[in-house]
Asks: 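Below: one structure in structure tokens.
In what follows, chains carry the letters A, B, and so on, assigned in the order in which the sequence lines appear, proteins first and then strands, with residues in each chain numbered from 1.
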Amino acid sequence: MPPATARSRPVSRITAVFDRGVVKNGLTVMMKLRLRGFELTKPLLDMDGQQRLIECLRPVLRAAPLFSPEVPGGGKMSVRMTSAGAYGWVSDRDGYRYEERHPAGQRWPEIPTEILDIWHATTGLERRPDCCLINYYGEGARMGLHQDKDEADFTYPVVSISLGDDGLLRIGNQTRGGKTDTVWLNSGDVVVMGGDARLTYHGVDRIRFKSSRLLPKGGRINLTLRVVT
DNA sequence: AAGTAGCT
DNA sequence: ACAT
């Protein structure tokens with residue numbers, strides 16, 4: 001790997017660290033940003049990498065179909081989801097938790113190697129994630145501000161991979177309320193939520209439906225990798 | 001509330 | 001702010 005060159009400059013509340021170099025398997029880091037503690041790599045995945053991920057997700061979605069979870073208040077999420085790995089994240093009227101099985105009863109499929117490679121390349125950790133949550137945002141789907149806090153050990157980061165249509169990420173604070181920032185996430189972007197940003201509130205305000213041609217039917221897929229136990 | 005409604 |  002050629003040595004990466006880096007420089008920094010402040011952009012409003014964003015600190016941008018430009019970093020070029022091959023990480024793994026031909027995946028190239030073009031740019032790294034820091035936004036309210038979130039490390040954003042734009043884009044980690046080139047078109048071939050994005051297409052490879054979509055292809056490796058196909059059998060996963062066949063084995064573990066997307067479902068629309070309910071939330072404790074009785075509402076229904078507009079995002080459809082499923083998981084891969086030893087644990088999958090589920091929600092129903094009783095609350096949020098990790099389960100070893102899909103709501104239909106089968107074990108979750110394995111996390112594809114291509115996805116694990118991105119985890120290891122962006123975190124540098126030997127430990128594998130237990131869960132790859134697969135969120136599908138169709139037209140009009142949103143997700144309110146929340147923390148990822150159903151895991152046992154917050155010293156492990158969360159890695160989020162965007163595929164398909166653009167999504168507007170809102171980034172808040174460690175507690176509800178206060179000022180927030182937004183940033184558009186594009187296909188191939190990877191966000192690492194770690195360190196002080198591990199419990200930062202975040203959500204997705206809206207999707208630019210059919211802004212990408214990666215998914216012919218439109219929509220955004222977000223892969224969220226987490227160590228659960 | 002990882003939900004929605006509604007107001008500023 | 002609401003309320004399963």
Asks: In residues 153-178 of chain A, which residues come under 4.0 Å of DNA chain B by heavy atom?
Replies: A:Arg176

Asks: Do any of residues 217-229 of chain A sit with a heavy atom less than 4.0 Å from DNA chain B, and if so which?
Replies: A:Arg226

Asks: Please enumerate all residues that pass salt bridge (Lys or Arg N to Asp or Glu O under 4.0 Å) together with A:Arg97, with sequence neighbours excluded.
Replies: A:Asp92, A:Glu99

Asks: Table please: side-chain donor-acceptor pairs of residues 58-71 of chain A below 3.5 Å, with sequence neighbours left out.
Replies:
from, atom 1, to, atom 2, distance (Å)
A:Glu70, OE1, A:Arg93, NE, 2.9
A:Glu70, OE1, A:Arg93, NH2, 2.9

Asks: What N/O pairs connect the protein and nucleotides 6-8 of chain B at under 3.5 Å? Give each pair on its own line.
Replies:
none

Asks: Identify the pairs formed between an N or O of the protein and an N or O of nucleotides 2-4 of chain C at a distance under 3.5 Å, and give each distance.
Replies:
from, atom 1, to, atom 2, distance (Å)
C:dT4, O4', A:Gly73, O, 3.4
C:dT4, O2, A:Pro72, O, 2.2

Asks: Pair up each side-chain donor or acceptor in residues 190-200 of chain A with any protein partner under 3.5 Å, not counting sequence neighbours, and list the distances.
Replies:
from, atom 1, to, atom 2, distance (Å)
A:Arg198, NE, A:Tyr156, O, 2.9
A:Arg198, NH1, A:Asp148, O, 2.8
A:Arg198, NH2, A:Glu151, OE1, 2.8
A:Thr200, OG1, A:Gln174, OE1, 2.7
A:Thr200, OG1, A:Ala197, O, 3.2

Asks: Enumerate the residue pairs fulfilling ring pair (Phe, Tyr, Trp, His ring centres under 6.0 Å) with a member in residues 40-64 of chain A, sequence neighbours excluded, ordered by first and then second residue.
Replies: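 Qualifying pairs: none.
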
Asks: Under a 4.0 Å heavy-atom cut-off, which of residues 195-212 of chain A touch DNA chain B?
Replies: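 Listed by number, there are none.
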
Asks: Taking only residues two or more places apart in sequence, or in another chain, which ones meet A:Glu55 in a salt bridge (Lys or Arg N to Asp or Glu O under 4.0 Å)?
Replies: none

Asks: Using Watson-Crick and G-U wobble pairs whose two distances are both under 3.5 Å, how do you write the pairing of DNA chain B as dot-bracket, with | for links to another strand?
Replies: ..||....

Asks: For A:Asp205, give me all partners under salt bridge (Lys or Arg N to Asp or Glu O under 4.0 Å), at least two apart in sequence or on another chain.
Replies: A:Arg170

